[in-house]
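Following: one structure in structure tokens, then a few remarks.
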Amino acid sequence: MTKEISKTYSPQSIEDKWYSYWLSNKYFHATPDEREPYSIVIPPPNVTGVLHMGHMLNNTIQDVLTRRARMQGKNACWVPGTDHASIATEAKVVQMLRERGIKKSDLSREDFLKYAWEWKEKYGGIILEQLKKLGASCDWDRTRFTMEPSLSEAVIDVFIDLYNKGLIYRELRMVNWDPLGKTALSDEEVIFKDVNSKLYYIKYHLTENSKNEIRNSNHSTSNIQHSTFVVIATTRPETILADAAICVNPNDERFKHLIGKKALVPFINREIEIIADEYVAMDFGTGCLKVTPAHDKNDYDLGKKHGLEVIDILTEEGFLNENAQDERYIGKDRFAVRKQIAIDLEEAGFIVKIEEYKNQVGTSERTGAVIEPRLTLQWWVDMKKFLAKNPEVLDAVMNDEIKFHPANMKNTYKHWIDNIKDWCISRQLWWGQQIPAWYGPNGEFVVAKTAEEAVEKFRILNFEFRISELKQDEDVLDTWFSSWLWPISVFDGFKEEGKEDIKYFYPTNDLVTAPEIMFFWVARMIMAGYEWMGQKPFSNVYYTGIVRDKQRRKMSKSLGNSPDPLDLIAHYGADGVRMGMLICSPAGNDILFDESQVEQGRNFANKIWNAFRLVKGLTIKPDADFAADLLASNKISEQWFNARFNIALAEIEEKCKDYKLSEALMMIYKLIWDDYCAWYLEMIKPVYGEALNQSTYDQTVVFFEKLMLVLHPFMPFITEEIWQELTERKVGESICIAAYPNVETYNYTSLQNAFETIAKIRDLRNSKGISPKEAFEIVIKTTQAELYEPYQFLIKKLANVSSILFNEDAHNYASISVSTDQVFVKLNIEIDAVAETEKINKEIEYLIGFMASVDVKLSNEKFVANAKPELVEKERQKKDDALAKIEVLKQSLASL
RNA sequence: GGAGGCAUAGCUCAGCUGGUUCAGAGCAUCUGCCUUACAAGCAGAGGGUCACAGGUUCGAAUCCUGUUGCCUCCA
């Protein structure tokens, strides 16, 4: 041994060393060539984001897939990049400015964007640097950003294209309004949360006229109350100031006489009519519904139907405006008003009762603000029309042209597609692609790429405007309106020239993402793929789970239960963290993250490291220097492991094909730890101070290399380190681009009985408290000595046995059963004959019972008639084996 | 309210078209070992009426029905 290898594996220096080696050799850079392509586009993280555990899981999986493909000879390309995340980033920039004492409203659009770009240059892309620590084998030369000029241009072109195709329209509609972000949101960006709130029962007095009319009418049947007021129930008492009507069900006997009468809104005494519509549920609340068209989607529809006035009492920040009429509330936040008005109503005697109530409120996915339905002019994509034009969007998923893993996600996808709503794509923000719509002085508009083109388009419509008269739409597009183009735009698929990349790498192979963005992103990429490429964007979608803590809570900053991935890597090494994340995270399942898993990963790395120490530390001599029986025994060991390896490799490939990566990794783990380390290395390891024969050593190194190749996609760093050290490598060689092993033919040698004998002897030693250093003599009673004879050397070595005899007298030995045979062990302590007899009798008893159950089956005519013949044969075999076993046991009894 | 899913060892999960590769794996636990690659280790062991109740079948963890509990998505 030339140099000392440390006893524990220390990943830190090794990881940095190899990552920069990989980068400088450009192993991850891919350009089209004659090989089969393999491509993945990264789900672009927010440009200002930092790496969290979800990213770790997601990107580890992508890296495993990419590295496997690369080693399997494909031209693998994993495209990294970031998303401009309009609302999230803008919110961060606004906050940064506020901390510096600058208000967004005091800035011009241009100045604000200058600050935003500065911020992006400073903090953007940190996350990509962090991914390098994880070992991500992205093609960094291809790093893209959704707001870089060429990608933005694609977004604008796509908008114009869709507009020209009649798939985009502008309309005044009720939208989800985020009062914090001061922008509209799509339905997908609204998260519903359960809240405890109160249901207020509020009196609305009837007008004097109405009261008189009721008194004078013939409605005085017994079930009519002659109240002078109606009672409504609401969870949002502040919105009474925006009420436009009260609505009852026309079939509701309690209120029939009130229809057409008028009531007064408390405090402001606005007269509102009592109208009738079957929409009102008679059994909810009081049966009287206040109608507030400006602040509720359903009320808006109801108001439209009945021609009601829309009274909007909220500002874009969610404060009450002049329309609220009551001085006490104007200019105050809606939640403050809710509290105050409840008190005021109560004092003024308008409150009948207040109940505890559980309901759901929509909140903004990005800012967390409670959503207000708000009537605004927005841009929409007509999704029904879009899907009618592209039926493949649903079909491809349903017929597995695009395969979802796990497959049950298909149902969710279908449900969403079947119930699709139009997509609100305009956002009242500045950070993003500005909508290419141009307005003339009187509100007339055209959609055009530039002001010049807009002038031209207006001219065609017979409007003569100068550029200075035109005003571009203030809004930007939804972030997802750029990310849905990602698999196309990262390969410059919208450009006229330079089509090599898109032709070669599109459609991509795999997409790895979280299930919660199936609608936001996955579905829309599929739409974009068929609309502009006429092809699916990817063939497989792997949905990862959500990373939770041990108590199943989501990892979040506020709970403080999310470890910093970089700290974990620093502690345990990237390989350890990757292994820990993947070892128990089947596709679609949430992963319950616990640091002990990462510890397991680190321990595994250490185990491999020590196997490496052993192999490197061996002294080697030519085969000629060794006895024939030892060489033969080593050959057997080699043959056995070779078989094990190939069997396992076939299974691993099967699992990977099914995207069952955690199961594949578990198999590799056991292959290395149990088969290679615990069995194989122990089998061939020379006794202390002696050498190993050359041919076995060579084979042992080959096995080790193959194991490193198979493990490399999962644990890239340690495998590279060992692979480089196992044998001489040329400059520029790397495991990254080494060929992945293929399943080869093998001779299977069953060491089953030998292994069982070893295990049982060890157990015997253990249970009797005998030191492993004490050697035993054993006698094997069997009719199949060939199952043991060739492996005597192994049995002696691994179980510390001094001599093996076959079918000799074994009086006063301890006995153990191995398969259908009986092995007798000479212990240097007194055998308790009574206890031994009892043990054997128990075994016989069990076998008799077992045989009886087999007999029941075999004597069942229907079983024999219906079951597969080989199954019946198996049952017969079982019976024969049991009989043989009983015979052996009886003999042992006799010899005691 | 609608849709889908899950329930197997203390924990996380495998168990394909029903039948000895059917009750399995890893971790955790327990016992004994510092046996010169590794105590981040070695050698072993114990743990489950496969949620409950029916049904189909010669045979059910597996198929069907219902019940209960949990989760996810949508409204």
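Throughout, a chain's letter reflects where its sequence line sits, starting with A, and its residues are numbered from 1.
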Atom pair distance, as rounded to whole Å: [atom1] in [X] and [atom2] in [N]:
| X | N | atom1 | atom2 | answer |
| --- | --- | --- | --- | --- |
| Asn610(A) | A39(B) | CG | P | 7 Å |
| Leu665(A) | A14(B) | CG | P | 15 Å |
| Met409(A) | G4(B) | CE | P | 15 Å |
| Asn606(A) | C38(B) | CG | C1' | 6 Å |
| Ile417(A) | C73(B) | CD1 | C1' | 14 Å |
| Arg765(A) | U31(B) | CZ | P | 21 Å |
| Glu599(A) | A39(B) | CD | P | 15 Å |
| Ile816(A) | A45(B) | CD1 | P | 12 Å |

[N]: syn or anti, per glycosidic angle within 90° of 0:
| N | value |
| --- | --- |
| G18(B) | anti |
| U49(B) | syn |
| U21(B) | syn |

Indicate, with a heavy-atom threshold strictly under 4.0 Å, whether [X] touches base, sugar-phosphate, or nothing.
| X | value |
| --- | --- |
| Phe519(A) | sugar-phosphate |
| Glu682(A) | base |
| Tyr669(A) | sugar-phosphate |
| Ala759(A) | sugar-phosphate |
| Asn411(A) | sugar-phosphate |

Name the pairing partner of [N], where a pair is Watson-Crick or G-U wobble with both distances under 3.5 Å, or state none.
| N | answer |
| --- | --- |
| U21(B) | none |
| U67(B) | A51(B) |
| A3(B) | U72(B) |
| G44(B) | C30(B) |

Exercise for review: Kindly indicate whether a cation-pi arrangement holds for Arg524(A) with Trp423(A), taking the cut-offs as under 6.0 Å to the six-membered ring centre and within 45° of the axis.
Suggested key: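 Verdict for Trp423(A): a cation-pi partner in Arg524(A).
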Phosphate OP1/OP2 of [N]: any [X] side-chain N/O under 4.0 Å:
| X | N | value |
| --- | --- | --- |
| Trp679(A) | A43(B) | no |
| Asn603(A) | G41(B) | yes |
| Lys685(A) | C42(B) | no |
| Arg762(A) | G44(B) | yes |
| Lys773(A) | C33(B) | no |
| Lys607(A) | C42(B) | yes |

Point to revise | CD on Glu638(A) to OG1 on Thr696(A), rounded to 0.5 Å | key: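 Taking OG1 in Thr696(A) and CD in Glu638(A), the distance rounds to 4.0 Å.
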Review point. Taking the nucleotide of RNA chain B with the closest heavy atom to each, which residue, Lys760(A) or Lys421(A), is nearer the 5' end?
Key: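 Result: Lys760(A).
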Review point. When the ring centroid of Tyr413(A) is compared with that of Phe404(A), is the distance short of 6.0 Å?
Key: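 For Tyr413(A) and Phe404(A), the ring centres are under 6.0 Å apart.
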Point to revise | Flag side-chain contact, heavy atom, 4.5 Å: Met683(A) against Phe641(A) | key: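 In short, these two side chains do not touch, never coming nearer than 4.5 Å.
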**Study point:** Over 12 non-hydrogen atoms of neighbours within 6.0 angstrom of NZ in Lys410(A)
**Key:**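 Enclosed.
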Check your understanding: Hey, is the main chain of Tyr9(A) close enough, under 3.5 Å, to the side chain of Arg602(A) for a donor-acceptor pair?
Key ->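 Not at all, since once roles are kept as given, no pair shorter than 3.5 Å links the two residues.
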